[in-house]
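Remarks on the structure that follows.
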Amino acid sequence: MATPRKPSLIEKLSKKVFLFIWFFVKKTNPNTARRLLYWGITDQAFLTEVPRDPILQTQALGKTFQNPIGISAGFDNSFKYNDELVRIGFGFSEFGTFTYHKDRDTAQTYFLPRQEAILVDLPSWPNPGIQYIQKQLIDRRRLPHIAGVSISSSLEVEDKDNKEFYTMLEQDVLRSVQLVAPYCDFITLNLSHPTMPITNLIHVPFQLASLLRTMKDHIQRHAPILTPKLVVKLPLELTDASIPLLADVFMQEGVDAVIIAGFSGSKSQKQRLGNSHMKGFVTGRPLMEPSTLLLSKFYQATKGKLPLIASGGVFTGEDAYRKICAGATLVQIHTALLFKGPDIANDINQKLALLLKQKGFKSVNEAVGSQYF
Ligand SMILES: Cc1cc2nc3c(=O)[nH]c(=O)nc-3n(C[C@H](O)[C@H](O)[C@H](O)COP(=O)(O)O)c2cc1C
């Protein structure tokens with residue numbers, strides 16, 4: 001476990017210099033700033049004192065999280081920055097998304113600074129393949145904090161109504177599950193890509209139920225001692241009618257948590273941003289309202305019995321507090337880290353702790369769902 005300590009004067013100075021340069025690069029070339037950020041967080045200067053306010057300790061997935069703010073999938077899809085993410089204040093990380101075979105595609109990111117949004121153009125999940133990740137996980141078996149692995153399937157089929165597709169899909173997902181189950185705290189079945197065939201499962205509840213059931217069995221069989229939890233990540237665009245159906249499937253099949261939600265693939269969302277002509281899915285600030293509404297509907301549909309993890313548009317402690325009140329036990333961020341820089345997790349946590357105290361809550365868990373709408 002990385003021990004929080006006070007940074008030395010040199011470290012403080014070097015961090016200030018980094019942030020100064022990063023800030024200016026971000027203004028002119030956000031994609032370079034993104035690469036600079038990955039480099040910057042590996043520097044010891046970011047070994048800053050992480051606030052450990054007991055009010056932030058959160059019980060979820062059978063564990064105690066030091067704080068409820070996690071990094072969501074896509075920031076680290078080669079499992080390189082585990083220690084660094086703890087150092088800069090995250091309470092947990094989700095790595096990936098990984099598929100069985102490596103995928104050489106790269107995500108194109110277009111920053112929209114005024115809207116604090118990103119258009120992410122990715123036809124699939126670029127990643128080095130699950131076997132590579134298994135090796136990384138084994139090498140770093142003693143993870144310094146709670147870590148999940150996001151998995152998906154890049155299976156392409158012409159006919160998604162064909163039963164064979166679901167059988168092949170199940171086999172593809174299970175062989176990935178089996179490789180990583182013994183080495184992580186949770187496995188996410190990622191159904192959040194707006195156009196990949198696997199996402200079609202959300203429209204076929206009995207097939208989804210069958211896959212979740214076999215995943216649970218497989219996880220138990222391949223990791224009988226430190227059994228990781230099963231999490232599902234949903235896309236943002238869901239119909240109201242599908243919410244209770246999905247909620248029932250998740251509860252019946254013993255899913256341990258649901259992430260709400262991933263990118264927005266909707267054209268209207270891009271139109272609102274004035275970028276309907278551009279390729280890609282929307283992330284960042286514009287997702288705060290629609291994903292919080294969906295979260296709240298899910299909280300209602302599951303009567304608070306299924307832990308929910310918020311993702312979408314969180315930039316501040318106030319945003320995180322709203323997600324928790326709307327029903328989230330844990331909160332993930334991604335775009336905010338790219339826009340605001342490496343202090344974001346600490347900033348959010350400090351404000352969140354303050355808000356919880358001001359509103360009279362004794363813990364994050366006590367505030368969950370206190371104001372769902
Ligand atoms: C560059 C980029 C890559 C992403 N890659 C993934 C991914 O591989 N898997 C995944 O589940 N989500 C991925 N996401 C989506 C995020 O995990 C998150 O759900 C989404 O961006 C909404 O949260 P945010 O507004 O805090 O960014 C990616 C997002 C961005 C910006």
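One-based numbering, in listed order, for ligands and for the atoms of each.
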Side-chain donor-acceptor distances from residues 324-336 under 3.5 Å, at least two apart:
residue: Gln332; atom: NE2; partner: Glu94; partner atom: OE1; Å: 3.0
residue: His334; atom: ND1; partner: Ala73; partner atom: O; Å: 3.2
residue: Thr335; atom: OG1; partner: Thr283; partner atom: OG1; Å: 2.7
residue: Thr335; atom: OG1; partner: Gly284; partner atom: N; Å: 3.4

Scan the side chains in residues 18-28 for donor-acceptor partners under 3.5 Å anywhere in the protein, sequence neighbours excluded, and list what turns up.
residue: Trp22; atom: NE1; partner: Ala33; partner atom: O; Å: 3.1
residue: Lys26; atom: NZ; partner: Phe339; partner atom: O; Å: 2.7
residue: Thr28; atom: OG1; partner: Phe24; partner atom: O; Å: 3.4
residue: Thr28; atom: OG1; partner: Val25; partner atom: O; Å: 3.1

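Within 4.0 Å of ligand 1, protein heavy atoms come from Arg34, Ser72, Ala73, Gly74, Gly96, Thr97, Thr109, Val120, Trp125, Asn190, Ser192, Lys233, Ala261, Gly262, Phe263, Thr283, Gly284, Leu287, Ser311, Gly312, Gly313, Ile333, His334, Thr335.
Neither side chain, Thr97 nor Asn77, offers a donor N or O lying under 3.5 Å from an acceptor on the other.
Using the six-membered ring where Trp is involved, His193 and Phe263 have ring planes that are perpendicular, over 60° apart on the 30 and 60° scheme.
With ring centers used as reference points, Phe95 lies 6.0 Å or more from Phe75.
Looking at residues two or more places apart in sequence or on another chain, you find a side-chain hydrogen bond (donor to acceptor under 3.5 Å, both in side chains) between Lys340 and Glu116.
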